[in-house]
Amino acid sequence: MSGWDDLYPLPVLPSWVHGTAAAIVSLHLIQKLFFPYFWADLRYLLKVLMYGLRVEMYRLQGRIVTILDKFVKLAEKQPHKPFLIYEGKVHTYRDVDRRSNRIAQVFLHHGALKKSDTVALLMSNEPDFIHVWFGLAKLGCVVAFFNFNVRSRSLLHCVSSCEPKILVVGADLLGTLEEILPNLQKDLSVWIMTKDSTFPSVHTLLDKIEAASEDPVPVNRCSANNLKSSVLYIFTSGTTGLPKAAVISHMQVLKGAAGLWAFGATAEDIIYITLPLYHSAASLLGIGGCIELGATCVLKKKFSASQFWSDCKKYNVTVIQYIGELCRYLCSQPVKEGEKNHKVRLAVGNGVRSDVWREFLGRFGPVKICEFYGATEGNICFMNHTGKIGSVGRTNFFYKVRLVFSFPKSVRRTPSLVMLATRDTQKRNYSVRWKGENVATTEVSDVIVMLDFIQEVNVYGVSVPDHEGKAGMASLILKQNTSLDLEQMYKQVVTYLPSYACPLFLRVQKKMEMTGTFKHQKFQLVDEGFNPSTITDPLYFLDNSKKAYVLLTKEVHELILFGKMKL
């Protein structure tokens, strides 16, 4: 009897089918091995392309839609939804829209501002920062954000570099204004966020806001003709001099505002912003991101590690912004019960070390950390949308195909990026950071050398255990027949420098080592650090608790190394 195989023979597949299957399996294995994030990168790329396509469609239809236009539309669509929550008080989309209208009306009737004029804003984190920003934008003005840590000479440099018609100063920064007021150009109109003033020729704003109309200003004042036109100046501090103004266009604002959306945030999210609003991370990614989503923002006056998680629980925060040091500060807090009892699901920022990243996740729960690497004045941005643990935003398959860039292998702690500049971009290099801020070593040197007992100064950064970035250190050469006046030194740096730029360590040398090209030798000084056991030169430490420079002894050195001395 014949077998079943004789009656019903199995079909023989064509050879090309086996070849195709083998090729598919091989391609799959190659993709998994060499491009493990290919599909995630593709989904992300398609999402970004869709956003760009939408912007381009608006342009082709003759519509220029800015982030301000989107906000005004949201104020009509969802007027009662909270936009800002600040110190427990809710400011709805309609509230913010109407108050910014009032501010626009004040300056409109003042009559000094024309479309495209620059107005400088020196304010700390508060709702009126955003009200003034939006109000001026409704008049078609370019708004310059000043770093409120910058003082005296550096602040005057910021004023002169962007040439504003008006300077608006927050009520808590009147002391800073007093320092520069005598040296401001006479045609600069100064306004302060108070109802009365003791300063001569200074205008008050709060009283005028209360009396102003809530009606929108003429739409032709704020309408943009080109997304490439300037809308903001955001000041950055590099290593090559005084603060520099990065020119931000409407298109750059839109790109920054799309960041939270690209990482997966939605309109239902509540975003917690503790970073300073003068920084692009808080203003563009944070506030702009809330507008792009139609979401709610919880704004904090100043970052507080001890209040951070209690605020997140209190306001049901779901998305947080950070810089690397912020995460480390949170991990350095005493352990409390119920630290994972919160609704935060997404953290967006840059600069967190891999070890801090792991500690953060282990201690505070499965928060998806999305790193990006870029700069306000940069021409490229890397976004780690997969949550892969690493110290900077990762590149992807499509970036490698499309763009020319490299990460030099010689770089160790601080990542450096070299990007091929095109007609539409510029390459700028910045490094040396402390507490999340760029520090200009030449600016610090210029301030110290003003002292009459200083002959020469060399400023550089040194590593401190368990601290991100480099702490400032200054090597000093004293003038002949003079001595180091520590009291005068402290007064000088805290008066003329932002707090993060004040050198933490001083070293008094008899001779300044130079390179073959007659530049200050820094590498050996960096390697030697601030250890009094190995350095015979006198060393001093900026003790903030004593508000003075003190002798850096072996005991003080050990306290710093073991994290028992606050830096």
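- Here the rule is ring-ring contact (aromatic ring centres under 6.0 Å, His included) with Phe145, and of Phe129, Tyr233, Phe235, Tyr278 only Phe129 fits it.
- Only one option out of Ile209, Val169, Leu174, Leu173 pairs with Met193 in a side-chain contact (heavy atoms from CB on, under 4.5 Å); it is Ile209.
- Side-chain contact, Thr274 with Lys302: no donor N or O sits under 3.5 Å from an acceptor N or O.
- Scanning all heavy atoms of the two residues, the minimum distance from Lys479 to Ile454 falls at CE-O, 3.3 Å.
- Between the side chains of Tyr272 and Asp311, at least one donor N or O sits under 3.5 Å from an acceptor N or O.
- A donor-acceptor contact closer than 3.5 angstrom is absent between the side chains of Tyr549 and Gln488.
- Relative orientation of the Phe83 and Tyr93 rings is tilted, given thresholds of 30° and 60° on the angle between their planes.
- Side chain to side chain, Thr66 and Asp69 meet the donor-acceptor criterion of an N or O pair below 3.5 Å.
- Screening Leu478, Leu525, Asn458 for a side-chain contact (heavy atoms from CB on, under 4.5 Å) involving Gln509 leaves a single residue, Leu525.
- The residues Lys89 and Asp95 are annotated as not salt-bridged, no charged nitrogen and carboxylate oxygen being separated by less than 4.0 angstrom.
- Between Trp191 and His203, the ring-plane angle classifies as parallel under the 30° and 60° cut-offs.
- Across all their heavy atoms, Glu292 and Ala258 have their closest contact at CG-CA, 4.3 Å.
- Nearest heavy-atom pair across Asn125 and Leu277 is OD1-N, 2.8 Å.
- Side-chain contact check for Leu122 versus Leu177: every heavy-atom pair is 4.5 Å or farther apart.
- Heavy atoms only, all atoms of each residue included: Phe453 and Leu484 are closest at CE1-CD1, 3.6 Å.
- The two atoms that bring Leu108 and Pro218 nearest to each other are CD2-CD, 4.1 Å, heavy atoms only.
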